[in-house]
Amino acid sequence: SGSIIKANSVLEQDVIVGEDCILHPNVVVSSACELGDRVSLKSGCVIGMEGFGFAQDDKGKSYRIPQTGKVVIEDDVMISTNCNIDRAAWDETRIRAGSKLDALVHIAHNVEIGDDSIILAQTGIAGSSKLGKRVITSGQSAITDHVTITDDVILVQRGGVINNIDKPGVYAGTPTQPVKDYLRNSAV
């Protein structure tokens, strides 16, 4: 009820769309994905296509690994233009309530973004990583696969996360470090 789907958008089979959503032109939502209430998807978003999953044999030949999960986007999420959120290899990729994604963000399979997080432009989050509540990334941040970031973390200066972050705070650089250490090390 109250949702608007604009021109050239595609919703594949078994997609669930909540109330008062708006899907701008040229959005794709792949099969079995779920959108909560008041979700906004800007033009060019692709939700729920297969993630990049391959296994190689001993000769280096790649074989596709089926991606059988889905994407769940909870209530009050806004996803800006040209973002890509991959379907889970199994289970689900989940964007929790109130989160906002800027343009050109890539979320890989089985990622979980916590409530009220803000992910800025050109951030990439690799598979099976979990971000807590109210995480903010600066533009061009990168988060490797299988890491966990606790609640209330801010990544600045193109933060490159290669290990878990267990304490709230502001982190910078690659590999990430508390911002005071980053500034001191940069000056040296």
Side-chain angles (χ1 to χ4, degrees), residues 1-53 66-143 148-155 168:
S1 172
S3 289
I4 299 168
I5 300 170
K6 293 191 174 188
N8 298 319
S9 288
V10 175
L11 303 179
E12 293 184 345
Q13 69 275 8
D14 301 320
V15 167
I16 296 171
V17 177
E19 294 183 4
D20 300 316
C21 295
I22 182 163
L23 280 62
H24 290 268
N26 302 311
V27 167
V28 176
V29 182
S30 190
S31 61
C33 293
E34 301 176 16
L35 307 180
D37 296 336
R38 299 168 304 283
V39 169
S40 175
L41 302 178
K42 302 292 178 88
S43 294
C45 285
V46 179
I47 309 298
M49 290 296 168
E50 283 194 349
F52 193 77
Q67 309 287 292
T68 60
K70 63 182 177 180
V71 174
V72 177
I73 298 174
E74 295 183 359
D75 297 346
D76 302 306
V77 170
M78 191 280 298
I79 300 174
S80 199
T81 57
N82 298 317
C83 289
N84 183 64
I85 302 175
D86 290 342
R87 124 180 348 272
W90 66 93
D91 200 25
E92 63 187 31
T93 301
R94 183 173 285 266
I95 312 299
R96 295 209 178 269
S99 291
K100 312 299 183 217
L101 278 64
D102 195 1
L104 300 168
V105 169
H106 177 86
I107 308 293
H109 54 257
N110 294 91
V111 166
E112 181 178 328
I113 306 292
D115 295 288
D116 299 311
S117 291
I118 299 173
I119 311 299
L120 292 178
Q122 298 181 346
T123 292
I125 303 174
S128 300
S129 290
K130 301 205 177 311
L131 280 62
K133 298 175 182 176
R134 299 171 302 280
V135 169
I136 300 173
T137 70
S138 66
Q140 297 184 334
S141 292
I143 300 167
T148 301
I149 298 175
T150 194
D151 298 344
D152 301 308
V153 166
I154 300 172
L155 300 177

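Along the sequence shown, the residues carry numbers beginning at 1. Hydrogens, waters and symmetry mates play no part in the numbers below; they use all other heavy atoms, side chains included.
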Can you tell which of [options] makes a side chain to side chain contact (heavy atoms under 4.5 Å, CB included) with [X]?
| X | options | result |
| --- | --- | --- |
| I113 | I95, T93, I73 | I95 |
| R87 | M49, E92, Q67 | Q67 |
| L23 | L41, I47, V28 | L41 |

Measuring from atom [atom1] of [X] to atom [atom2] of [Y], what distance do you get when rounded to the nearest 0.5 angstrom?
| X | Y | atom1 | atom2 | value |
| --- | --- | --- | --- | --- |
| D152 | R134 | CG | CZ | 4.0 Å |
| S80 | L104 | OG | CG | 8.5 Å |
| I118 | D102 | CD1 | CG | 10.0 Å |
| I125 | I85 | CD1 | CD1 | 9.5 Å |
| I79 | N84 | CD1 | CG | 10.5 Å |
| H106 | N82 | NE2 | CG | 14.0 Å |

Please check this pair: side chain of [X] against backbone of [Y], looking for a donor-acceptor N/O pair closer than 3.5 Å.
| X | Y | value |
| --- | --- | --- |
| K42 | V27 | no |
| T68 | A89 | yes |
| D91 | N110 | no |
| S43 | N26 | no |
| S9 | H24 | yes |
| S99 | V77 | no |
| D75 | D37 | yes |

For residues 10-19, which side-chain N or O atoms pair as donor and acceptor with protein atoms under 3.5 Å away, sequence neighbours left out?
residue : atom : partner : partner atom : Å
E12     : OE1  : S30     : OG           : 2.9
E12     : OE1  : S31     : N            : 3.0

Can you see which heavy atom on [X] is nearest to which on [Y], and at what distance?
| X | Y | result |
| --- | --- | --- |
| I119 | V135 | CD1-O, 4.5 Å |
| A108 | A126 | CB-C, 3.7 Å |
| G132 | S117 | O-OG, 3.2 Å |
| G36 | C21 | O-SG, 3.0 Å |

Sequence neighbours excluded - salt bridge (charged side-chain N to carboxylate O under 4.0 Å, His left out) pairs with any residue from residues 23-34: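 Residue pairs passing salt bridge (charged side-chain N to carboxylate O under 4.0 Å, His left out), neighbours aside: E34-K70.
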Note, N8 side chain near P25 side chain (heavy atom, < 4.5 Å):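 No, their side chains stay 4.5 Å or more apart.
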Side chains of T150 and P168 in contact at under 4.5 Å (non-hydrogen atoms):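 Heavy-atom side-chain distance check passes, below 4.5 Å.
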Exceeds 12 heavy-atom contacts within 6.0 angstrom, atom NZ of K133: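 Atom NZ in K133 is not packed in, count stays at 12 or less.
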Under the side-chain hydrogen bond (donor to acceptor under 3.5 Å, both in side chains) test, residues paired with D20 that sit two or more places apart: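 Testing D20 for side-chain hydrogen bond (donor to acceptor under 3.5 Å, both in side chains), a comparison that skips the adjacent residues, returns none.
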Residues I143, V111; criterion side-chain contact (heavy atoms from CB on, under 4.5 Å); working and verdict: CA-CA 11 Å; I143 300 167; V111 166; over 6 Å; no
Check against salt bridge (Lys or Arg N to Asp or Glu O under 4.0 Å), E74 and R96: CA-CA 5 Å; E74 295 183 359; R96 295 209 178 269; 2.8 Å; yes
